[in-house]
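Since the structure comes first, as structure tokens, the remarks are kept for the end.
Keep in mind that what you see is a predicted model, and the values were worked out from it rather than measured.
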Amino acid sequence: MEDIHITSVGVTEIEELQRISIQTFVDTFASHNAERDMAQYLEESFSQEKLMAELGDAGSAFYFARSGEQVIGYVKINTGAAQTEVLGDRALEIERIYVRKEYHGKNIGQLLYEQAFRIAREKDMDFVWLGVWEKNARALRFYEKNGFSPFGQHIFRLGGDDQIDILVKKTLK
């Protein structure tokens with residue numbers, strides 16, 4: 001397999017971030033959700049304005065996985081008040097890890113996951129946590145394999161549909 005490298009996403013890469021965000025979200029969830037709910041969510045969550053605000057938030061960071069110059073996946077992490085559920089200053093949230101479907105099974109998600117954990121250790125965090133849709137069996141298996149344990153749930157609103165995310169965490173200390 002070609003050399004994969006992880007790079008920090010900057011504001012000049014907003015179009016690339018929007019493209020990979022929409023593509024991977026649609027690939028992952030479109031077949032399980034109503035078209036109007038998907039369209040509403042994509043418009044609200046992946047507009048350039050929304051993504052620019054997230055990029056400008058000091059508590060959030062995005063990283064691309066690249067094969068050559070091609071973006072093949074990304075991770076978004078949050079700390080402090082940027083977390084979707086604020087679990088304290090010693091917690092790091094992985095809000096999104098998405099990989100283009102043709103790269104599934106090639107350890108790209110694992111590389112992005114490891115990037116999040118490098119940052120969590122650099123920031124001396126106590127734990128890493130995230131929410132996974134209860135119907136996303138592939139992601140649930142991935143996090144279980146990587147030592148995460150469930151600790152709760154919250155509602156994830158996809159368009160007009162309230163869905164349940166399982167909250168999982170992994171302690172670092």
### Message
Using the side chain to side chain contact (heavy atoms under 4.5 Å, CB included) criterion, which residues pair with L158? Sequence neighbours excluded.
### Response
F25, N33, D37, M38, Y41, F156, Q163
### Task
Identify, with sequence neighbours excluded, every residue that meets side chain to side chain contact (heavy atoms under 4.5 Å, CB included) alongside A139.
V132, N136, Y143
### Query
What are the two closest heavy atoms between I77 and A116, and how far apart are they?
CG2-CB, 3.8 Å
### Message
Restricting to side chain to side chain contact (heavy atoms under 4.5 Å, CB included), what partner residues turn up for Q23, sequence neighbours left out?
### Response
I20, D27, R100
#### Entry: Single-linkage hydrophobic cluster, 4.5 Å side-chain cutoff, I108 and L17 together
no
#### Entry: Inter- and intrachain pairs under salt bridge (Lys or Arg N to Asp or Glu O under 4.0 Å), touching residues 52-75, at least two apart
E13-R66, K50-E54, E54-K76, E54-R96
### Task
Only pairs at least two apart or in different chains count here, so list each salt bridge (Lys or Arg N to Asp or Glu O under 4.0 Å) that has a residue in residues 146-169.
R157-D162
### Summary
Distance col, row L130:CG vs K170:NZ, nearest 0.5 angstrom, shows 11.5 Å
### Message
Taking side chain to side chain donor-acceptor pair (under 3.5 Å) as the definition, give me every residue that meets it alongside R121, ordered by chain and number, with sequence neighbours left out.
### Response
none
### Query
Between L167 and W133, is there a shared hydrophobic cluster once you connect ILVMFWY residues whose side-chain heavy atoms come closer than 4.5 Å?
no
### Query
Given the rule that I, L, V, M, F, W and Y join up when any side-chain heavy atoms are under 4.5 Å apart, are L92 and F142 in one cluster?
yes
### Task
Could you tell me the separation between the CZ atom of F117 and the CG atom of N146, rounded to the nearest 0.5 Å?
7.5 Å
### Task
Go through the structure and list residues passing side chain to side chain donor-acceptor pair (under 3.5 Å) with E85, not counting sequence neighbours.
H154
### Task
Please identify each residue that fulfils side chain to side chain donor-acceptor pair (under 3.5 Å) with E43, with sequence neighbours left out.
none
### Query
According to the salt bridge (Lys or Arg N to Asp or Glu O under 4.0 Å) rule, which pairs have a member within residues 124-145, sequence neighbours left out?
R90-D124, R90-D126, D124-K173, D126-K173
### Message
Quick check: closest heavy atoms across A82 and S60, and the distance to 0.1 Å?
### Response
CB-OG, 3.5 Å
### Task
Taking the side chain as every heavy atom from C-beta outward, state whether I155 and I164 have any pair of such atoms under 4.5 Å apart.
yes
### Query
In chain order, what residues pass the side chain to side chain contact (heavy atoms under 4.5 Å, CB included) check against Q18, with sequence neighbours excluded?
I22, Q48, L51
### Query
Rounded to the nearest 0.5 Å, how far apart are CZ of F151 and CZ of F127?
6.0 Å
### Query
For the residue pair D89 and G80, what are the closest heavy atoms and their distance?
OD1-CA, 4.1 Å
### Euclidean distance, N78 CG relative to W129 CH2, rounded to 0.5 Å
8.0 Å
### Task
Kindly indicate whether the side chain of K106, heavy atoms from C-beta on, has any atom under 4.5 Å from the side chain of V99.
no
### Query
How about E102: does its CD atom have over 12 heavy atoms from other parts shown lying under 6.0 Å from it?
yes
### Query
With a 4.5 Å heavy-atom cut-off, do M125 and T79 have their side chains touching?
yes
### Message
Between F62 and L55, is there a side-chain heavy-atom distance shorter than 4.5 Å?
### Response
yes
### Message
To the nearest 0.5 Å, what is the distance between CZ on F64 and CG on L112?
### Response
11.0 Å
### Query
Does the Y98 side chain pair with the main chain of T28, one donor and one acceptor, at a distance under 3.5 Å?
no
### Task
Indicate, with yes or no, if I97 and I4 share a hydrophobic cluster defined by side-chain heavy-atom contacts under 4.5 Å among Ile, Leu, Val, Met, Phe, Trp and Tyr.
yes
### Query
Who passes side chain to side chain donor-acceptor pair (under 3.5 Å) against S21, sequence neighbours left out?
Y74
### Query
Less than 4.5 Å apart, any side-chain heavy atom of R118 and any of Y63?
no
### Query
Is there a side-chain contact between L87 and E93 (heavy atoms, below 4.5 Å)?
no
